[in-house]
Amino acid sequence: MSEEKECRCHEHGHHHGEGEECHCHDHDHGEHERTSIEEAGGCAAGFTGTIENFNTDAEMKLADALMAVGRYVQGESGSLLGHIKAAVYTEDGKGITLNLIDMDNGVEHHGTMPRADRVKFNFMCAVLDVDEHELTHEMMHAIDDSGLDYKIDPESLHHHDHDGCDVDGEGHHHHHHDHDGDGECHCHEHGHHHGEGGECHCHDHEHHHGRRSHDYDEDGECQCHHHDHHHHDHDDGDDDCGCGGGHHHDEDGERHCHGDAEKKADSGEKKGFFSRLLGKGKKKD
Amino acid sequence: MIVYIIGGFLGSGKTSLLMRLATMFSERKQKVAILVNESGEIGVDGATLKAQGYDAIELPSGCICCSLSGTLQGALVNIKNDIDPDIIVIEPTGLALPHKVRDLVHNACIDEEKDVIIGIADIQRFNDLIKKKEEFFTRQMQGSDFILINKSDLAKPGEIESATAWLNDRFPGKEVVPVSVKEGTNLEKVYGMMQ
Ligand SMILES: Nc1nc2c(ncn2[C@@H]2O[C@H](COP(=O)(O)OP(=O)(O)OP(=O)(O)O)[C@@H](O)[C@H]2O)c(=O)[nH]1
Ligand SMILES: [Mg+2]
């Protein structure tokens, strides 16, 4: 790693704890010439997907999602220097574009579109001075919180799955933010097996995920990676995890799968990022 | 064949201008090929152009002035061979350096008559951009053959004048034209300058 070359690998905002292994350094910096995006201090994030039952109401919800991302960017970098935009289109390519450049002006809508049972969307954002991974998270949360009936194309996120963010079979997102240093999810490494209705002891282990979600398939395997809601709890004891339903949201919009009585072991750490994520109250199960 | 490169920061109005230009060229019965490139994996401009009835070639997953330089050159050669248009309009990402794109076009050996860089500056965020990223913005504009100050319809009194003064000071001799791509203001003048 050559600092002189001004590689921005370190600015991704990965969260490593002590004893961490950062793999940012593994690529070859000998050849590294700054790209213009690096030179500008910019970053881009985005994904594609589908929306069911697209109408003017859904269009407004999508616009709200753009605004939510805009607020995040403004909060992070002080101003929205960049472009948040989405294209919505049918199979034949006809559609609309939403642009957000300026928070005061709001979202600009271009084109009109009749109601459609299913549309495709491309949602992207290129801005300055924010972390790309956080930006992607915010975009996913924004669309999740918007109330849209959406699905994300998992393949459109393939650059974003290494730090624990993933899209499940339903096209909804979930996160596994690890605080123990290596950025890996260790849910699968415990070797425990749960049958149907089995109790989850994942929470009893020492590993720390900023958000976890546990589910068990017929084989009793932990399906940590396969659903989309978020937990920030580490001490759930033997309560059955009914991850498929029964989530509770408190006034802060936080989700407490295991009931109100549980403590939030992580509540003091990673305040900025995780509390912002957890602050979004809508459940999308 | 003339190659136009539309350079400008994110959201400055490149795609909007590109659509105006494409329409103008088509009305003049000139064959146009459009190449768009966006930062990141996912693009929106290609879908927008398609929805508006324009046929565009999208170069995704990287920046044509750096990581996708080879892809750009390959695409240009293919366009030359397959379409042989009168005009190629290239919209690089809002974080690209247009003069680098021009160098790549030169080196692609497609026998173009000339390459023209049209720089666009967004009046609405002019001061913000200069305050935060003056060096980058300057580098982005430096290769332009002329600079458009776009979104004049949104300008507050005095803003166009002070932006023009800044640009004249920084780039002596470069023509600076306030336009509103949205409303069509001053675009005839721009078309004239492009010939
Ligand atoms: N008011 C006003 N808005 C404009 C003008 N030109 C473009 N816009 C709007 O600005 C927004 C961004 O325009 P684009 O043409 O997508 O900008 P761009 O430079 O291609 O953006 P990126 O490709 O993301 O860098 C859109 O909502 C446009 O409608 C203008 O002259 N006046
Ligand atoms: Mg564009």
Side-chain angles (χ1 to χ4, degrees), chain A residues 33-49 77-90 92-102 104-105 108 110-113 120-129 132 135-136 139 153 155-160, chain B residues 7-16 19 38-56 58 60-69 92-101 122 124-125 127-133 135-137 139-140 150-151 154 182:
Chain A
E33 195 187 315
R34 275 214 300 175
T35 61
S36 63
I37 194 164
E38 286 172 344
E39 203 170 309
C43 81
F47 45 84
T48 63
S77 72
S79 59
L80 172 53
L81 272 181
H83 197 175
I84 301 166
K85 54 187 173 176
V88 177
Y89 49 98
T90 46
D92 59 7
K94 295 201 168 69
I96 57 169
T97 304
L98 307 186
N99 302 80
L100 177 61
I101 307 281
D102 182 278
D104 295 333
N105 286 4
E108 297 169 67
H110 296 283
T112 53
M113 199 174 180
K120 295 182 177 206
F121 72 88
N122 295 12
F123 185 15
M124 77 88 67
C125 183
V127 291
L128 300 185
D129 303 328
E132 186 183 318
L135 178 61
T136 308
M139 292 173 75
D153 300 328
E155 66 277 10
S156 72
L157 274 170
H158 70 271
H159 260 50
H160 189 66
Chain B
F9 190 69
L10 297 162
S12 52
K14 297 180 295 297
T15 307
S16 308
M19 290 193 277
E38 280 198 270
S39 320
E41 305 269 301
I42 306 300
V44 162
D45 287 354
T48 301
L49 286 162
K50 190 167 181 206
Q52 301 292 319
Y54 299 94
D55 219 0
E58 266 186 291
S61 303
C63 170
I64 51 172
C65 86
C66 21
S67 56
L68 284 187
S69 54
T93 81
L95 296 173
L97 296 170
H99 62 273
K100 284 195 183 178
V101 177
D122 179 345
Q124 242 202 329
R125 54 174 37 153
N127 290 331
D128 253 4
L129 201 52
I130 282 171
K131 202 157 71 191
K132 282 195 149 188
K133 300 283 168 180
E135 193 192 335
F136 179 77
F137 176 71
R139 270 168 65 66
Q140 216 178 23
N150 190 29
K151 310 192 188 179
L154 298 176
K182 183 179 181 181

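Below, each value reflects all heavy atoms present in this structure, side chains not excepted, and no hydrogens, waters or symmetry copies. Chain A is the first sequence line, chain B the second, and so forth, proteins listed ahead of strands; every chain is numbered from 1.
If you take NE2 on A:His110 and NZ on B:Lys182, they are separated by 7.0 Å, rounding to the nearest 0.5 Å.
For a residue to count as touching a neighbouring chain, one of its non-hydrogen atoms must lie under 4.5 Å from one of that chain's; by this rule A:Ala45 does not touch chain B. Proximity to chain B (any heavy atom under 4.5 Å) is shown, for A:Thr90, by neither the backbone nor the side chain. Contacts between A:Phe123 and chain B at a heavy-atom distance below 4.5 Å involve the backbone alone (N, CA, C, O). Interface residue B:Lys151: only side-chain heavy atoms are found under 4.5 Å from chain A. Contact of A:Val127 with chain B is made through the backbone alone, with heavy-atom distances under 4.5 Å. With a threshold of 4.5 angstrom between heavy atoms, A:Ile84 does not approach chain B through any atom at all.
Of the possible polar contacts, none joining the A:Asn122 side chain to the B:Val44 backbone as a donor-acceptor pair under 3.5 Å is found. Although no hydrogens or angles enter the test, the distance criterion places no donor-acceptor pair under 3.5 Å between the side chain of B:Arg125 and the main chain of A:Asp102. Judged by distance alone, the side chain of B:Arg139 and the main-chain N or O of A:Ala40 form no donor-acceptor pair under 3.5 Å.
Classification of A:Lys85 and B:Glu38 as a salt-bridged pair holds, one side-chain N sitting under 4.0 Å from a carboxylate O.
Across every non-hydrogen atom of A:Ala87 and B:Thr48, the tightest pair is CB-OG1, 4.4 Å.
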- Task: Dump the intermediate steps for side-chain contact (heavy atoms from CB on, under 4.5 Å) on B:Asp122 and A:Ile101, then the final yes or no.
- Result: CA-CA 10 Å; B:Asp122 179 345; A:Ile101 307 281; 4.2 Å; yes
- Intermediate values then yes/no, side-chain contact (heavy atoms from CB on, under 4.5 Å), A:Leu128 and B:Lys133: CA-CA 9 Å; A:Leu128 300 185; B:Lys133 300 283 168 180; 3.4 Å; yes
